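Right, one structure below, let's go through it.
Since the model is a prediction, treat every value here as computed from it, not as a measurement. Quick note on labels: first sequence line is chain A, next is B, and so on, each numbered from 1.
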Amino acid sequence: MDKFAPFHHHYNPLIHQNGHCPPIQKPKPRAHSSPTSVSLASTATSLAASTLSSPVMYPSPGILSGFGSLDGLSDVRTLGSVKAMHSQVIKSSDKRTSEYMAKTLITFYLELGDFRLAAMVFFLGFARNYAMWSNFLLEFKKFGGDPIEILEVFKDLHCLGVNFDGRLITLVLKICASLMDLCLGLEIHASLIKKGLEGDVYVKGALMKYYGRCWGVDTANKVFDEIPYQDNLLNEAIMINLKNKRFVQGVDLFKRMQFSFKRANAATILKMLQACGKEGALNEGQQIHGEAWSLLQEMESSGVTPDLVTWNCLLSGHALHGLYKEVIKILRKMQIAGFRPNSQSIPSILQAVIELGFFTFGKEIHGYVLRNGLDFDVYVGTSLIDMYLKNDRLNSSQLIFDNLKNKNIFSWNSLISGYLFKGLFDDAKRLLTQMKQEGVKPDLVTWNSLVSGYSIWGRNEEALAVIDDIRSSGLTPNVVSWTSLISGCSQRGNYRESLEFFIRMKQEGIEPNSTTVSSLLRTCGGLSLLQKGKEIHCLSIRKCFHEDAYVETALIDMYSKSGDLKSAYGVFRKRENQTLASWNCMIMGFAIYGLGREAISLFQEMQKADILPDAITFTAVLSGCKNSGLIEEGWKYFDSMDKEYGIEPRIEHYSCMVDLLGRAGYLDEAWDFIQAMPITPDASIWSAFLRSCHVQGHMEFAEVAGKELLELEPDNSANYVLMTNLYAMSNRWDDVERIKDLMVEKGVKIRQIWSWIQIDDRVHVFSAGDKPHPDEGQIYFELYQLVSEMKKVGYVPDINCVYQNIDDLEKEKVLLSHSEKLAITYGLLNTRNSAPIRVVKNTRICPDCHTAAKFMSLVRSREIFLRDGVRFHHFKDGSCSCNDHW
DNA sequence: AGAAACGGAA
């Protein structure tokens with residue numbers, strides 16, 4: 001229904017009827033005018049002129065008898081029927097009841113959205129009754145009247161010195177704040193002071209908001225300070241401070257609120273939660289979160305129903321703090337309470353859906369959005385784009401994007417980042433061009449998506465070039481830009497570059513944040529750089545990131561991957577409320593050290609703590625079973641996945657089971673298991689099976705597995721090597737040659753095998769093909785001595801580990817040159833007597849080196865940690881943590 | 001009252 005502009009100043013009845021009014025000041029020029037007011041005003045002119053010329057009196061209700069009662073009318077009230085009633089009213093005048101009739105007509109017209117007629121009736125009946133103006137303007141606003149019109153009328157009346165109702169002053173101050181009408185707000189405040197009126201709590205609140213928005217937070221705080229009893233306005237004061245980034249003041253006021261008789265309202269709690277999230281203030285955040293829950297509970301128990309705004313506050317507050325399961329619970333609660341999610345609920349819900357991986361539910365929500373016509377909202381659209389992106393449905397995302405009526409930078413950035421994540425750089429560039437053509441300027445988010453996209457796909461030079469593009473576009477690369485680069489390299493396994501970019505970032509004078517630290521820890525873990533990892537740990541303590549859940553988990557992972565399980569466990573135990581990811585990490589930590597029983601008991605403890613496991617938990621538990629040869633337990637947990645937890649086993653779980661069965665010698669069972677799998681076996685399955693065949697010396701199965709594997713991974717040299725070793729074991733030298741020829745034919749190069757050890761700041765690499773270590777002579781001298789000592793206590797070199805067609809003495813020599821032996825020996829020579837030795841090898845350890853390391857730990861009384869391609873071995877007093885299950 | 005970029009476990 002068309003709005004009308006009844007209060008255009010030319011037709012302000014107060015001015016037309018100046019004869020009956022107090023002395024008139026000339027109205028000031030209007031700051032705002034409705035764009036449609038001119039044409040609409042002409043209609044108003046004629047109407048006003050015609051009615052003003054002949055004063056009309058209103059009839060008594062008796063006249064209306066032909067219409068039935070007013071109440072009866074209310075059911076089927078239409079504009080036509082009200083007008084008919086109105087005309088009857090005009091025809092027969094009766095002074096006594098005129099006021100009642102006029103009020104009724106005004107309400108009817110307002111309800112029907114005919115502001116013009118409502119205003120007309122009001123002008124004729126009440127224009128000179130100033131007390132009525134407040135009521136009328138408030139009603140006018142209630143039914144959707146234009147706030148600008150209200151301001152215009154208010155100004156005119158204000159000039160006349162009219163006193164207004166506090167409710168109207170509150171409303172006008174709100175309008176001043178939203179329209180940034182600086183002068184009127186001041187005038188109102190001044191006249192309140194002049195008249196000695198304090199104004200009620202609402203007026204004061206509105207005044208503070210007005211000052212906060214129009215004159216800055218300090219002015220608002222001044223107003224607040226002058227209020228004698230402040231408790232009622234704490235919510236507003238907190239809000240104003242937080243909106244203006246005064247976090248400390250906001251928290252102070254919030255603490256005051258806890259000692260007052262007042263409670264924080266939903267909006268305040270939400271804003272506090274947001275602010276705490278941004279400021280990384282965890283303790284405050286958790287306290288406030290508790291407050292949010294108790295608020296909801298209190299509302300429920302006292303029978304007060306939260307309104308939609310409160311529900312939405314709760315949804316977004318929980319989503320913001322990563323409490324996604326709570327978001328879903330709140331959604332259910334609000335639906336039970338009879339509220340339908342609106343366009344502002346959907347983004348928070350979708351965020352939770354994405355994080356929880358409830359894709360089917362997400363699609364249902366999409367259906368709901370379409371049925372309820374919420375798809376025109378740009379926030380909803382962007383959230384949907386994001387949901388389909390995260391579920392690998394780029395086409396759906398593009399489709400939603402194309403149908404989006406109002407695109408903004410968020411929508412563009414979402415889709416662009418989707419393409420970049422998939423490595424579809426041409427599509428991303430196409431969108432970038434399109435975006436610029438449509439006049440949307442890329443912002444830092446756009447650029448950072450590009451940096452991240454390039455670096456996770458290993459295109460570091462292009463990523464670095466984008467950093468320069470940022471500068472030439474007039475923006476400055478920030479900590480996110482650099483962290484994108486660092487983390488991209490780390491994810492890709494380009495660890496060295498990752499550290500180099502960190503140094504570059506520091507040179508640029510940019511301080512790392514907790515995300516940077518997490519990425520760097522991943523890098524350190526990847527390289528088993530314990531020293532560097534400890535440095536980063538110190539850095540994170542200095543910067544107070546060490547309580548960040550991500551950083552903590554990354555620390556646990558770094559320590560366990562760097563051979564320091566004790567420190568990993570220390571970090572894990574330091575905190576009480578562990579996240580699922582950190583439980584998973586710690587269980588995995590035990591698993592890679594072959595501490596299967598410990599992994600299982602931690603898993604049980606986790607369940608006692610009411611943390612539900614996910615698929616990754618089971619990967620960790622099953623890895624623990626696999627690395628410790630716990631067959632029964634492995635079966636038990638594998639079966640329970642689907643039955644007890646409703647988690648569908650994925651390929652990595654099947655792979656663990658094949659490994660577990662095969663390694664224990666149950667090759668037939670492993671074979672049957674593979675045949676019965678509901679998913680197509682991939683390379684990880686066949687590789688686990690092949691390695692078991694190798695250990696068991698089962699040629700028939702090995703050849704089947706090898707054939708599958710060479711087809712699935714024709715470029716992986718490890719498969720060829722394993723096959724040649726198998727044939728060499730059975731003295732099938734023709735087949736050895738055949739496989740070698742195949743490698744040449746396919747251009748597959750054997751992967752370099754190397755071991756390294758860090759002594760002080762230097763990393764010493766030992767590799768068969770590489771140039772020898774400068775201290776090689778000394779190392780071999782020590783190694784020969786060591787081996788003769790070891791032989792005295794029972795070491796027998798395992799010449800079966802050498803697959804060359806040479807004599808046994810030569811084989812023994814070859815065994816000595818294995819890189820892990822050299823690295824351990826170097827460690828023995830160059831570290832303090834008590835210090836454990838930490839060696840990293842990029843492939844699996846060979847059985848002879850495993851035996852040798854046990855003896856080395858015995859004869860030299862040293863702990864040796866060896867990280868091989870897949871796991872850890874901890875040698876101590878002549879035995880290994882893996883109990884020879886590997 | 002809501003949406004997009006960088007972070008942990010496999």
Check your understanding: Can you tell which of B:dG2, B:dA10, B:dG7 lies closest to the side chain of A:Arg650?
Key -> B:dA10
Review point. Does the gap between the ring centers of A:Phe502 and A:Trp482 come in under 6.0 Å?
Key: no
Revision key, fill the gap. Side-chain contact check for A:Val445: nearest option of B:dG8, B:dA4, B:dA10 is B:dA4
Practice item. For this output row, return yes or no: ring centroids of A:Tyr569 and A:Tyr559 closer than 6.0 angstrom. Key: no
Check your understanding: Can we say A:Asp375 and A:Lys405 salt-bridge, meaning some charged N sits less than 4.0 Å from an Asp/Glu carboxylate O?
Key -> no
Point to revise | Ring centroids of A:Tyr379 and B:dG2 base under 5.5 Å with planes under 30° | key: yes
Check your understanding: Counting side-chain heavy atoms from C-beta on, which of B:dA5, B:dA9, B:dA1 comes nearest to A:Lys561?
Key -> B:dA9
Review point. Can you find an N or O donor on one side and an acceptor on the other, under 3.5 Å apart, linking the side chain of A:Thr579 with the base of B:dG8?
Key: yes
Review point. Under 5.5 Å between ring centres and under 30° between planes: does that hold for A:Tyr550 against the base of B:dG8?
Key: no
Practice item. Please confirm whether any donor atom in the side chain of A:Asn513 sits under 3.5 Å from an acceptor in the base of B:dG7, or the reverse. Key: no
Exercise for review: Flag the pair A:Glu713 / A:Trp686 as yes when at least one side-chain heavy-atom distance between them is below 4.5 Å, and no otherwise.
Suggested key: no
Point to revise | Of the listed nucleotides B:dA3, B:dG8, B:dA5, the one nearest the side chain of A:Ser383 | key: B:dA3
Review point. Atom CG of A:Leu431 to atom P of B:dA5: distance rounded to whole Å?
Key: 15 Å
**Study point:** Gap separating the OG1 atom of A:Thr446 from the NZ atom of A:Lys436, nearest 0.5 angstrom
**Key:** 9.5 Å
Check your understanding: Heavy-atom contacts under 4.0 Å between residues 473-486 of chain A and DNA chain B, which residues?
Key -> A:Val480, A:Thr483, A:Ser484
Exercise for review: Among B:dA1, B:dG2, B:dA9, find the nucleotide with the atom closest to the side chain of A:Val380.
Suggested key: B:dG2
Practice item. Answer yes if the ring centres of A:Tyr654 and A:Phe638 are under 6.0 angstrom apart, and no otherwise. Key: yes
